[in-house]
Protein chains: 2
Amino acid sequence: MSQTGALRETRQRVVLLDELRRTKSHPTADELYQLVKRRLPRISLATVYRNLELLSRRGIIRKLDLGGGQRRFDADNTSHHHVRCIRCGRVDDVAGELPISVEQAFSDKHGYQITGYRLELVGVCPQCQSE
Amino acid sequence: MSQTGALRETRQRVVLLDELRRTKSHPTADELYQLVKRRLPRISLATVYRNLELLSRRGIIRKLDLGGGQRRFDADNTSHHHVRCIRCGRVDDVAGELPISVEQAFSDKHGYQITGYRLELVGVCPQCQSE
DNA sequence: GTAATTGCAAAAATTTTGCAGCATT
DNA sequence: AATGCTGCAAAATTTTTGCAATTAC
């Protein structure tokens, strides 16, 4: 896999990104594969994996590990976090940032040089609440 | 797999829990399997998986999905979060809580009834910093 | 004795990789 | 033309499952 060269605009990559961006959810590699396949029937799952890996390494998309075994992907790079429903497993976005410095809050608790953080809220989604 | 019956104190389960509790890190199922195997050479990996699943469903241990593909497990149920090194993948604990109400900070951003949150700091661990 | 649990082996599920040919720049 | 990318197939990894035998209660 290329580490330094320029990214090319292949049909596969363009369609993949387009599908990922038009999806509000956070699809797994296979879900994305199914979506893209409708437009490019000959695409292979390996290409989907390779592109997701490449794109997330370049910071163009985000790779999520939200629980549940499979990884999920997210084209939204704006600052946001996630809420996960403990009942149905659904994952939604939460806009915004914490009003304090997370780095500072834990600065003396470890020797790490903190570069960022991921916040996952856990709760019950509206749908599951009304059941 | 049993859903309702009482848990039995099998040697496998006891040793598994003991090893998990005496480990400061957050081992994967396979790492735990290797540890337990030294004391119970005939244990099978399937038993490790089954017990980890069962114990986390009962809330006795925690199943983590911290990124990196494999799931990790944690016997510590006290309130703490995690830091992950982006270089080597190592995961450490971070004691404490945020000094603000996370629920409130995002209260108007979603319809969820928030029950908790998981925070994952990302950065470079001391060892990798000195390289 | 009964029901939970185990080991083994096989299967399922998910992700990665080698390679020859193709496509974007 | 050069090199990044793709499809395919095979391999590697991780997790789950069926089943007969065993074990804790």
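Chain letters run A, B, ... following the sequence lines, proteins first, then strands; residues in each count from 1.
C:dC22 atom P lies 18 Å from atom CG of A:Leu40, rounded to whole Å. Whole-Å rounding puts the B:Gln34 CD to D:dT14 P distance at 12 Å. The nearest whole Å value for the distance from the OH atom in B:Tyr33 to the P atom in C:dT6 is 14 Å. B:Ile43 has its CD1 atom 14 Å from the P atom of D:dT23, to the nearest Å. Rounded to an integer number of Å, the gap from A:Glu53 CD to D:dT6 P is 14 Å. Between the CZ atom of B:Arg8 and the C1' atom of D:dT22 there is a distance of 10 Å, rounded to whole Å. Distance, A:Gln12 CD to D:dG7 C1': 9 Å, rounded to whole Å. Between B:Glu9 atom CD and C:dA4 atom P there is a gap of 17 Å when expressed in whole angstrom units.
Between B:Leu7 and B:Ala46, the residue anchored nearer the 5' end of DNA chain C, judged by the nucleotide with its closest heavy atom, is B:Leu7.
No salt bridge links A:Glu19 with A:Arg38; every basic N to acidic carboxylate O contact stays at or beyond 4.0 Å. Between A:Glu9 and A:Arg13 no salt bridge is recorded (no basic side-chain N to carboxylate O distance below 4.0 Å).
In this model, the phosphate group of C:dT6 is approached by a side-chain N or O of B:Thr10 to a distance below 4.0 Å at OP1 or OP2. Distances shorter than 4.0 Å separate some side-chain N or O of B:Tyr49 from OP1 or OP2 on D:dT15. A sub-4.0 Å separation between OP1 or OP2 of C:dG7 and a side-chain N or O of B:Thr47 is present.
Judged by distance alone with a 3.5 Å cut-off, no donor-acceptor contact links the side chain of A:Arg50 to the base of D:dG4.
Side-chain N or O atoms of B:Asn51 include one that pairs as donor or acceptor with a backbone N or O of B:Thr47 at under 3.5 Å.
Summarising the local packing, CZ of B:Arg11 is surrounded by 12 or fewer heavy atoms from other residues, nucleotides or ligands at distances under 6.0 Å.
When the nucleotides D:dG7, D:dC5, C:dT6 are ranked by their closest atom to the side chain of A:Ser44, D:dG7 comes out on top.
Using a 4.0 Å heavy-atom distance criterion, B:Leu45 is classed as a base contact. If you check every strand for non-hydrogen atoms under 4.0 Å, B:Arg11 touches nothing.
Considering only heavy atoms from C-beta on, B:Leu55 comes within 4.5 Å of B:Leu7 through its side chain.
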